[in-house]
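Reviewing the structure listed below.
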2 protein chains.
Amino acid sequence: MERLAYFFGGGKADGNASMRELLGGKGANLAEMSRIGLPIPAGFTIPTTVCTYFMKHGGRYPHGLKEAVAENLRQVEEVMGKRFGDRANPLLVSVRSGARVSMPGMMDTVLNIGLNDETVEGLAGGDERFAFDCYRRLLQMYGDVVLGLKPEDDTTQDPFESIIWELKQSRGVTKDTELGIEDLKELVARFKALIREATGRDFPEDPHEQLWGAIEAVFKSWNNRRAIEYRRINNIPDEWGTAVNIQAMVFGNLGWDSGTGVAFTRNPATGENEFYGEYLLNAQGEDVVAGIRTPQPINNRQKGDSELPSLEEEMPEVYRQLLDVREKLEKHFKDMQDIEFTIEKGRLWVLQTRAGKRTGLAALRIAFDMYRQNLIDREIVMLRIEPDQLNHILRPVFDADEKEKAKREKRVIARGLNAGPGAATGKVVFSASRVKDYAERRQPVILVREETSPEDVGGMSVAEGILTARGGMTSHAALVARQLGKVCVVGCDALEINYEKLQMKVGEHIVKEGDFISIDGTTGEVILGKVPTVQSEIERVLVDKSLKPEESDTYKLYSTIMQWADELRRLKVRANADQPDQAAKAVAFGAEGIGLCRTEHMFFAADRINKVRQMILASDPAERREALAKIEPLQQEDFKEILRVMQGKPVTIRLLDPPLHEFLPKTDDEIAATAEEIGVSKDVIVEKTKALAEMNPMLGNRGCRLGITYPEIYDMQVRAIIGAACDLKMEDVEVIPEIMVPLVGEAKELAFIKLRAERTAREVMEARGIEVTYLIGTMVEVPRACITADEIARVAEFFSFGTNDLTQMAYGFSRDDTAPVIRRYLDVGILRHDPFEALDRAGVGGLMKLAVEKARKVRPDIKLGICGEHGGEPSSVEFCEQVGLDYVSCSPYRIPVAKLAAARAVLERTLSGVGQTT
Amino acid sequence: MERLAYFFGGGKADGNASMRELLGGKGANLAEMSRIGLPIPAGFTIPTTVCTYFMKHGGRYPHGLKEAVAENLRQVEEVMGKRFGDRANPLLVSVRSGARVSMPGMMDTVLNIGLNDETVEGLAGGDERFAFDCYRRLLQMYGDVVLGLKPEDDTTQDPFESIIWELKQSRGVTKDTELGIEDLKELVARFKALIREATGRDFPEDPHEQLWGAIEAVFKSWNNRRAIEYRRINNIPDEWGTAVNIQAMVFGNLGWDSGTGVAFTRNPATGENEFYGEYLLNAQGEDVVAGIRTPQPINNRQKGDSELPSLEEEMPEVYRQLLDVREKLEKHFKDMQDIEFTIEKGRLWVLQTRAGKRTGLAALRIAFDMYRQNLIDREIVMLRIEPDQLNHILRPVFDADEKEKAKREKRVIARGLNAGPGAATGKVVFSASRVKDYAERRQPVILVREETSPEDVGGMSVAEGILTARGGMTSHAALVARQLGKVCVVGCDALEINYEKLQMKVGEHIVKEGDFISIDGTTGEVILGKVPTVQSEIERVLVDKSLKPEESDTYKLYSTIMQWADELRRLKVRANADQPDQAAKAVAFGAEGIGLCRTEHMFFAADRINKVRQMILASDPAERREALAKIEPLQQEDFKEILRVMQGKPVTIRLLDPPLHEFLPKTDDEIAATAEEIGVSKDVIVEKTKALAEMNPMLGNRGCRLGITYPEIYDMQVRAIIGAACDLKMEDVEVIPEIMVPLVGEAKELAFIKLRAERTAREVMEARGIEVTYLIGTMVEVPRACITADEIARVAEFFSFGTNDLTQMAYGFSRDDTAPVIRRYLDVGILRHDPFEALDRAGVGGLMKLAVEKARKVRPDIKLGICGEHGGEPSSVEFCEQVGLDYVSCSPYRIPVAKLAAARAVLERTLSGVGQTT
């Protein structure tokens, strides 16, 4: 064992950022901050090796630790200008754990060490209330953590809290802050008595005894029950041990020459290169965040019309030091930083620094500014902009001032999941059919439903936004909204919708059909009344063409990053689009083809749904063929329009997928209307619905099973596709149709369908006297398809991974049912991400990898893509790059995100490649 | 190219059974039959190599084929004593395809070649009707197949059939057999005219031209559309080609010195060593099977009281030849054979021989008799008895005479799937609750339901048999019935059940509650009224002990085969059993432990279901714990009894698995009753039911997800298991509990539950001051668990493959919904077996293999088993042996089957090992 303590502070440090294993994450960061000259409170780290020694040797410390601690404490005293245990100007320290990886809340911390009946007077200076509050906190933490008075069982109350509660009761107050100085002194006395009674010993007045008690408690906390369980669940080796950080405490509430604040080295909202921050005098960190007092601006530029003095005015010297900190940080980290600082009696201390959170616009602007300043190069620019942030600059947004106003007016009445980013205002409507009535009168609508279903798609596509009471981030509403580019908030369980009364109750508010609400799909907020929005510049340039490229700075940044991404990425990016207008939007956003064109949405269109129902109600294949013959020309027209829009780019069309019962009418009224229109009795429809009902429709008669049970359906669809392609080719339009068979789990399923499809295609081409080239492939979305991918690849000319279903079947998680289970799993740490959002690399990804290897072995040039929702999610796109897919496909609005993610994936791979060789 | 034709007949042959690749399956078998001296009609085979040559060379034949055919035809004439084209005694031949593997119905056949206007008179002899019927058949087949007049499109009618139809119309008859000799002659004339008109050429009168036309047609049929499609779907290489078999035709309907028959070399029902068969004079093969004329016995021994003369009496010389054939066959094949023979004008011809189908009892007796005759050794005995056949001798069966009587009286009214073998008679009852009323009055009951659910288990367990209108071989009813050892017929869709009227309609019959019916679970038949049964001897010896072992010959055979299997097998065999009585039965049948004890069935017991409901309706964990505390002592008692029965043998107990909504009452009456009993409002139950409802319950909140969402439930179960184990250990009973966590897909799920379970177990053991050893493992039934099996094996001490769910999720097939899909797949050849019956080796098996490899890598001594329904299915057991599992677990009645299958799997592996090294 080498060094037993690593000092930091006063502009130097024994350690640095690379020493996480030895110093833990926290210790390594503190060392680095000191190294680059930030004025951090001095301290030292006892390394993890000491913890390991301690555990191996039954709680004994290595030889020399006492001396190392004493020596480092002396250095801390020197830097801080205070002495540990000094009556007049006492140094107080915190003792915290610090493991290699963050184990939030698992281990123990003790603050204010060094206080006793004497030093408390010295700390007090003019403010006894503050000093005794610190003291009683020390007693409580020390009692709980070091002396073990905290009950293991969560249901029993902490004995110190019981005393505080009793005292407040007797004083007739409810908040801790309402206790006076005498009350605090009484707490100190009663806490000491408790400790004496419970442990048979007095609270140690000796600061050194306090310190060693705390150090031992932290080491021991590595092996407390919660920590062990956390490690076992998260696969963290027990041998790693924890470091212990002992650091001087500083206080911003020691008078009007003290204070605390937060600052960003650049503007986090706009990205402008200006120092930006807020502070409060005589306050603690939490006071700034809590918003009880209005914080002051840090400089005059930012001050504007504010009457509050800025830090630049009140403490010019401290402000100058802060500017110096800003400069050092940007020079060192080459990124915008978010810092917390404290001023203790006129002296500046930096407590923390980290990369600052920013809006998408700010991310772009900061990265490009730094690129122009030669601080970073173009690869770093791409790594700095999170792909998802591109979304922020693509969608209409609420006017920031107006939203502030709504908040002040308490019009924000609920919050759900932010499923479709952007801002939308409209009249509340509770059914898809009524949406259209409003839309015809050109009135903006927010469709509000318990949850949505395929029948609602028509209504959704003309609504401004969608709000649901149930469902998660991958519910039907969320999925369709993202593809349609609609603002969407889902799973907002505060809504109590009453379809009969055409109203909903949200807390105390009643919202009726026709009332205006606004929803923020970026934050999940639901707001009463209108909130004006601003349309995104990118969309105005690319889709509307209402803005010239050169008029938009944001567009310039956007197009540069897209150009760089295009130069770098290997993965192609296609769009999921079912309609010609969606296809056109996809092309505007740079789609290189369509990766998933779902034919069922066409089946729901008003002009054909009853023909589809007639087909389903048919009693034999001949009758079914007759009904299909009526649908065919309409469907052919759909395909023709999409192929025309996408000319020269591949279009993957998926044959019918959902179970037939989804197309049948549900309510009595609909059944009656349908029965009349197609001329059957209502009983026929009711009987058919009963016959087709399934216990687990997700695992029922759908996908290619339909095409094998009722071959006429796929025959019709293939005729329509090839017919459309032939017609266009005769018009000299280039077409690349790819026919995709869903839900294949066995090669023979595909072989059966492919044989028929090829025969049908041949007939169509012969009848028209023209040849078109097309591919037949399959969606890989059933685990068995991955395991037998070699067999299937012998038949399939391409694979497209349908990772939504694959995730459902690999985990056995129904998307419609397991949202609460997944939430619980995220809560207790069993899952890190919702696997329907970010692709599960070990499980679903493992199946994909297997499939890719097996498929390439028998058909080396097989085209491989992904068309599940994951195709537009950055970490999933990275995985697709790693396993070597040819393309990803996502909703039109996600295309820029996917392109940037694809480029970053190449970069990450290149960089990790470099890492491996050096 | 070597030989161009392979002769067979007259006791010799150029080929033999091993030459399938060259001669096709049929040609190789004919050669072998001739070789061992069977009097088969002579013929020759043109090998597959000629077909390959023919295809490669644009329809040309290899040099020398003409000569080879001519020479072989000459040999055929010699053996048969007839001449091809001879007016007086013409040789007719058949021309058939014969590929390496059977391609049923895919390729073409032409019969009666050699007939023309002259030879037809010679064939006729005394019977012109017969001769002209042969002739018109030749014209039709030749026209369809050789001249290509058969329409490709299935919907257009065959032109020959049209002519027959017209003629029948004009004669006012409906059957072909009603046409007279003049009609047949007219058909011949009209068929010839059709051929002339359609092809511009006359039908070739020259027999040689006919022969070559047919040969060419068979070669070409290798490349007809149906055959190509069949090969592509079944992965048969196009290059294999087909052989062509040209064989002399013989006729059993050439007068009263001709005949045809079927014989078994031993009795296929009882296994007795007696020659057994039936024949008809002046008849064709189909006449024996069709049962229009009553067939005659072949020998006097078998004749009994029959007034019909035996073959032994009528044709003693032919019978002597047949005895000779029997002797040769048993000597050669060393197994009971089933032969078809024809007598043409006093001369015996054998047309086919194959191993004869037999009952389970016959299989045992024949194998052991041959063993005692030193014909076969003990390994062959084991290979001769299909494991499933053991089932036949285990269950009660209908008295054969009584069943015959029922058939004659037309009391067999429907037929379903034979889900639970055996025979049962009882009163029809339509609800599980009413079954108990009958059972209390000791009245035998057949429970008849649309389908069954877990609530019905109580009723099922006291019924004699179960009959359902819906569901397949792995439906709930089938599953539970097999485990309970109940006779069961499922999916009998002829039943129209009316629960309100307490009756069902079956065709024209109305069956009311209380009426007697009988069901045959071995054949799937449903019979009106009682049919007396006979109890199996094995069960009387092992379970009832009402028969002494030495009193039962069948038991002696059974116990010998079991002893041999025990000596040979490596796999352990456990039972799936939920109740002490099931466990006792399992032990009687030789179970070596319990592989699956489902705790949910205990939850449905009448004395606790409402406590379970109270637990589900609890509004918070505390209330839930309170309800669970009431269930705990009952559950502990259950476990104690099972562990006591199984003493010293491992018992795997699965923690609660089904979704909670399954336990809630369904009907209004039940809801009202429950509400009253547990003192809540009906609304509370309705609301909870709504809240717990799921779109896809199979993929919903069940399995370990329950244990993570409501940890109190598993806490209680673990306390009950460990408590029971401790109590028994204090009574000096040896216990080996294994706690199984269901539906794990991610290692952390199991880690979470295991931590809690270990803590709980420790508490229970500390409280009682005693230690028991137990394991915690998981059911592997989610595809993701297989892919991440290494992670999971770090936590799990054993794996038990739950192949029912694994099959559902690997394929994406819901057992409850996809029965019609699977039937369709079996029909069109996409599936060979229902994957819920026989384990799908490529897909589900591939996942298992992966899991075994990954698990053993991190935990080499991990215990591996299977507890899905496949654990008792022989081919699946073989697979389990191949991948190296430690045990299989199945329902008690399947134990002997699984044991024999396990022994056979060792044999098969050993034999194939020998094959590989030689």
Side-chain angles (χ1 to χ4, degrees), chain A residues 225 228-229 232-235 659 694-703 705 708-709 743 745-749 751-752 754-755 759 781-788 791 794-795 805 808-818 820-821 824-825 828-831 840 842-844 846-847 850, chain B residues 225 228-229 232-235 694-703 705 708-709 743 745-749 751-752 754-755 759 781-788 791 794-795 805 808-818 820-821 824-825 828-831 840 842-847 850:
Chain A
R225 205 189 73 209
I228 292 176
E229 295 188 355
R232 283 183 60 180
I233 290 176
N234 288 282
N235 257 330
E694 296 182 313
M695 300 273 286
N696 296 283
M698 195 57 71
L699 307 176
N701 196 354
R702 52 179 283 246
R705 298 160 198 175
I708 293 165
T709 320
L743 216 72
E746 155 62 49
K748 289 182 191 172
E749 290 176 320
F752 181 95
K754 194 182 177 197
L755 277 170
R759 193 158 73 234
E781 51 188 336
V782 166
R784 195 178 188 281
C786 296
I787 299 289
T788 62
E791 298 295 328
R794 285 204 178 87
V795 189
D805 270 286
Q808 294 200 91
M809 293 182 205
Y811 271 101
F813 273 166
S814 158
R815 281 204 309 220
D816 298 308
D817 302 313
T818 50
V821 173
R824 169 86 176 145
Y825 278 20
V828 299
I830 290 175
L831 288 177
D840 154 45
V844 178
L847 282 167
L850 202 66
Chain B
R225 206 190 72 211
I228 292 176
E229 295 188 355
R232 282 183 61 181
I233 291 177
N234 289 282
N235 257 330
E694 295 182 312
M695 302 272 287
N696 296 284
M698 195 56 72
L699 307 176
N701 195 355
R702 52 179 283 245
R705 298 160 197 175
I708 293 166
T709 320
L743 216 72
E746 155 61 49
K748 288 182 191 173
E749 292 176 319
F752 181 96
K754 193 182 177 198
L755 277 170
R759 194 159 70 235
E781 50 188 336
V782 165
R784 195 178 187 280
C786 297
I787 300 288
T788 63
E791 298 295 327
R794 286 205 178 85
V795 190
D805 269 286
Q808 293 201 90
M809 293 182 205
Y811 272 101
F813 274 165
S814 159
R815 281 204 308 219
D816 298 308
D817 302 313
T818 51
V821 173
R824 169 88 176 143
Y825 278 20
V828 299
I830 291 175
L831 289 176
D840 154 45
V844 177
L847 282 167
L850 203 66

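Values reported hereafter were calculated over all heavy atoms of this structure, with side chains retained and with hydrogens, waters and symmetry mates removed. Just so it is clear, the structure is predicted and the values come from calculations on it, not from any experiment. The chains referred to below are lettered A, B, ... by the order of the sequence lines, with proteins before strands, and numbering in each begins at 1.
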Straight-line distance of B:Leu850 CG to A:Leu850 CG, nearest 0.5 Å: 6.5 Å
Contact leader toward chain A among B:Met698, B:Arg705, B:Met809, where contacts are heavy-atom pairs under 4.5 Å: B:Arg705
Which portion of A:Arg702 sits near chain B, non-hydrogen atoms under 4.5 angstrom: neither
B:Arg784 side chain to A:Val844 backbone, donor-acceptor under 3.5 Å: no
Region of B:Arg794 that comes under 4.5 Å of a non-hydrogen atom in chain A: neither
Option that, when pairs with chain A are counted at under 4.5 Å, heavy atom only, ranks first among B:Thr709, B:Leu831, B:Ile708: B:Ile708
Test side chain to side chain contact (heavy atoms under 4.5 Å, CB included) applied to B:Leu699 and A:Asp817, step by step: CA-CA 8 Å; B:Leu699 307 176; A:Asp817 302 313; 5.7 Å; no
Spacing of CG belonging to A:Leu847 relative to SG belonging to B:Cys786, to within rounding of 0.5 Å: 9.0 Å
By side-chain hydrogen bond (donor to acceptor under 3.5 Å, both in side chains) - contacts of A:Glu749 (at least two apart): B:Tyr825
Part of B:Val821 lying under 4.5 Å from any heavy atom of chain A: side chain
Note, A:Asn696 side chain near B:Asp816 side chain (heavy atom, < 4.5 Å): yes
From A:Leu743 atom CG to B:Tyr811 atom OH, the distance as rounded to the nearest 0.5 Å: 12.5 Å
Segment of A:Glu746 engaging chain B (4.5 angstrom heavy-atom cut-off): side chain
Which portion of B:Glu781 sits near chain A, non-hydrogen atoms under 4.5 angstrom: neither
Closest-packed option against chain B by number of heavy-atom pairs under 4.5 Å, given A:Pro820, A:Ala842, A:Gly703: A:Ala842
Segment of B:Asp805 engaging chain A (4.5 angstrom heavy-atom cut-off): neither
